[in-house]
Engineer: 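Structure below; questions to follow.
Just so it is clear, the values below take in all heavy atoms, side chains as well, and ignore hydrogens, waters and symmetry mates. Counting convention: from 1, in listed order, for ligands and their atoms alike.
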Amino acid sequence: MTKKCYITTPIYYVNSVPHIGHAYTTIALDVLARHKRQKGLDVRFLTGTDEHGANIEKSAAAKGVSPKEWTDEVSAKYKEMWKTLNISYDDFIRTTDAKHEHVVQAIFEKLLKSGDIYLGSYSGKYCLSCEQYYNESEMLEGGLCPVHKRPLTDVHEETYFFKLSRYQDALLKFYEENPGFLSPKFRANEIINFVKGGLQDLSVTRTKVKWGVPVLSNPAHTVYVWFDALINYVSAAGYGTLICEDKAEHEAQLKQIRADKFEDLWPADLHMVGKEIFRFHAVIWPAMLMALGLPLPKKVFAHGWWTVEGEKMSKSLGNIVDPAEVAAKYGTDPLRAFLFREVPFGQDGDFSMESFKNRYNSDLANNIGNLLSRTLNMAAKNIGELPEKIEGDYPLLKKADEVEQTIDKAYDELAFDKVLEAIYGYGGDLNKLVDDKKPWVLAKTDPEAAKAVLLELVGGLRRVALWLEPFMPTIAKEMQKRLLPGKIEKYPPLFPRLEDK
Ligand code: MSP
């Protein structure tokens, strides 16, 4: 059995329904998964929902339902959204799954035994929304949460600590020896400086939060939601059977529910996350893995954040973009592709319907869509039937091989914007060929030469249709169908122009 290409999104909190930000991460990973599958890799794409903690407890109470009912409802909404957005995930983990909870408990006990977790007490300033303590240097003036800009709460509690401080040197050494581990570079530097500044042990249990995984040996404590959540990446991969030998009962349960061989998946090839949770994935999670004696993931990539028409998305501003709404109006595929078009992946970006429409018209309607219609109409008149193979010395078909190399390299760097730039750029080259050679004029004087131009265009478009598939799976398939060998049919436009409102 060879190792699978194992890639993950964050698991999303179920205190509210998915918006364009969550969709962004998940679509990015879906694009990558589809690209890798096209290249013949055996991909395991994991996503899921993060369902424990005080915030979820509160959201459920506010709705007058039990946390379980609430998490079932919102988790289902995530699945629905991923269906609407055509997300090809292979596995969906919920932190309330019994198989996950058992692994969290087993890991906790293992680390307790190894001395990586110890009992102590904690007093500090806590943000209830972030589920995180902040120290003096991190909080804003006036003791405010740096993220929510609201007052932090004083918390004093008995708590178990994870010995994060023990891993400072090992982490720094790992970052140095594995320069590709944290990406992009400018975000990696922030992390490295943070670790160099010194690491404090991390409080990893709560006595006040009931909605969480109970510590097996001391059920007055529940496991801190982040400690619980990060473990999803290994619990979903089948970890756990390896550490439960001493608990026969545990093991029997785990064996029943696991089909995967952990070694076939771990270490993960990529954790894709948003920039605000990079630290958890770049510092805490690797330290947890070191404590467990497990290999570290190959890469953690932190992308930037979307604002909407210049504003941070928020309920109170009422500017939250619902991806399902955009998809219903303009199509899932154009939305999927748009998200990666303008903003270099890794940077922040601003979402506006105006730029969506502009890009739709320029990239899709005028460039690719128009090229396909023109080519097929002319080919119907001048060729009649499309051949299976297009052979001959066509400059733009040679160029397609170079473009594909550019595309593959861009995927390696997770530069989705560059992938699209290369594809649309090549579409531009094909359009230019039409404008320069004017096959409809040429057909009158030199039908063979006109035919050759049209074949070159069809060959080029077939490549484009394959390249577009990770971003626009449905439309690209339709495009491939229209370009199949045989008689050319009449089709409606692939991307009808959006009229400016
Ligand atoms: N539950 C944690 C993650 C645990 S992973 C072990 C969490 N969940 S979340 O629901 O808040 O989702 C956060 C993720 O959603 C971000 O990391 C990012 O991927 C995505 N986004 C949420 N809002 C976003 C934007 N406005 N823009 C881009 N992506 C953002 O954190």
Engineer: Please report which non-hydrogen protein atom sits nearest to atom 6 (C) of ligand 1, along with the residue it belongs to and the distance in Å to one decimal place.
Structural biologist: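 Going by distance alone, atom 6 (C) of ligand 1 is nearest to Y233 OH, 3.5 Å.
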Engineer: Would you say I11 and ligand 1 have an N/O pair spaced under 3.5 Å apart?
Structural biologist: yes
Engineer: Examine Y224 together with F162 and report whether their ring centres are nearer than 6.0 Å.
Structural biologist: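 Judged by ring-centre distance (under 6.0 Å), Y224 and F162 do not meet the cut-off.
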Engineer: In terms of residue, atom name and distance, what is the protein heavy atom nearest to atom 27 (N) of ligand 1?
Structural biologist: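 Closest protein heavy atom to atom 27 (N) of ligand 1: W306 N, 2.9 Å.
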Engineer: Would G274 count as being in polar contact with ligand 1, using the rule that some N or O on each side must be under 3.5 angstrom apart?
Structural biologist: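 Indeed, backbone or side chain, G274 has an N or O that close.
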Engineer: Compare H19, H22, K312 and give the one whose heavy atom is closest to atom 23 (N) of ligand 1.
Structural biologist: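 It is H19 whose heavy atom sits nearest to atom 23 (N) of ligand 1.
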Engineer: Do Y233 and H281 make the cut of ring centroids closer than 6.0 angstrom?
Structural biologist: yes
Engineer: Between H281 and ligand 1, does any nitrogen or oxygen pair lie at a separation below 3.5 Å?
Structural biologist: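 In fact, backbone or side chain, H281 has no N or O that close.
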Engineer: Nearest heavy atom to atom 29 (N) of ligand 1 wins, so pick from G21, A229, A302, G48.
Structural biologist: G21
Engineer: Which ligand 1 atoms are under 4.0 Å away from a heavy-atom of I277?
Structural biologist: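 Numbered from 1, ligand 1 contributes 3 (C), 17 (O), 31 (O).
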Engineer: Atoms of ligand 1 less than 4.0 Å from G304 heavy atoms?
Structural biologist: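 Answer for ligand 1: 28 (C).
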Engineer: Under 4.0 Å, heavy atoms only, figure out whether ligand 1 is touched by the backbone of M313, its side chain, both or neither.
Structural biologist: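 It is the side chain that gets close, since no backbone atom is under 4.0 Å.
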Engineer: Can you see whether Y12 engages T26 through a side-chain donor-acceptor pair at a distance of less than 3.5 angstrom?
Structural biologist: yes
Engineer: Provide, to 0.1 Å, the distance between atom 10 (O) of ligand 1 and the closest protein heavy atom, together with that atom's residue and name.
Structural biologist: Y13 N, 3.0 Å
Engineer: Distance to 0.1 Å, residue and atom name: give those for the protein heavy atom nearest to atom 13 (C) of ligand 1.
Structural biologist: E276 OE2, 3.5 Å
Engineer: Quick check: D50 and ligand 1, any N/O pair under 3.5 Å apart?
Structural biologist: yes
Engineer: Need the ligand 1 atom indices (1-based, order shown) with element for anything under 4.0 Å from a heavy-atom of H303.
Structural biologist: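 Atoms satisfying the 4.0 Å criterion: 18 (C), 19 (O), 28 (C), 29 (N).
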Engineer: Run the ring-centre check on Y24 versus W306 and record whether the distance is less than 6.0 Å.
Structural biologist: yes
Engineer: Please confirm whether Y12 comes within less than 3.5 Å of ligand 1 when only nitrogen or oxygen atoms on both sides are compared.
Structural biologist: no
Engineer: Given P10, which partner from the list D50, N232, T47, I277 fulfils the side chain to side chain contact (heavy atoms under 4.5 Å, CB included) test?
Structural biologist: I277
Engineer: Determine the sole option in I87, L414, L46, L270 for which the side chain to side chain contact (heavy atoms under 4.5 Å, CB included) test with L29 is passed.
Structural biologist: L270
Engineer: Which residues pass the salt bridge (Lys or Arg N to Asp or Glu O under 4.0 Å) test with D333, not counting sequence neighbours?
Structural biologist: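 Here no residue qualifies.
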Engineer: Check whether the ring centres of Y330 and Y360 lie less than 6.0 Å apart, and answer yes or no.
Structural biologist: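 Y330 vs Y360: aromatic centres not under 6.0 Å.
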Engineer: Answer yes when D264 and K3 have at least one side-chain N-carboxylate O distance shorter than 4.0 Å, and no when they do not.
Structural biologist: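 K3 and D264: not salt-bridged.
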Engineer: Quick one: side chains of residues 210-218, donor-acceptor pairs under 3.5 Å with protein atoms, not counting sequence neighbours, listed by atom name and distance.
Structural biologist:
residue : atom : partner : partner atom : Å
K210    : NZ   : T207    : O            : 2.9
W211    : NE1  : E51     : O            : 2.5
S217    : OG   : E109    : OE1          : 3.2
S217    : OG   : E109    : OE2          : 3.0
N218    : ND2  : Y160    : OH           : 2.9

Engineer: Considering only non-hydrogen protein atoms, determine which one is nearest to atom 19 (O) of ligand 1 and report residue, atom name and distance to 0.1 Å.
Structural biologist: T25 OG1, 2.5 Å
Engineer: Suppose I only count heavy atoms of W226 and a 4.0 Å limit; which atoms of ligand 1 are within that range?
Structural biologist: 2 (C), 3 (C), 4 (C), 5 (S), 6 (C)
Engineer: Does K79 make a cation-pi contact with F92, if we ask for NZ or CZ under 6.0 Å from the ring centre and within 45° of the axis?
Structural biologist: yes
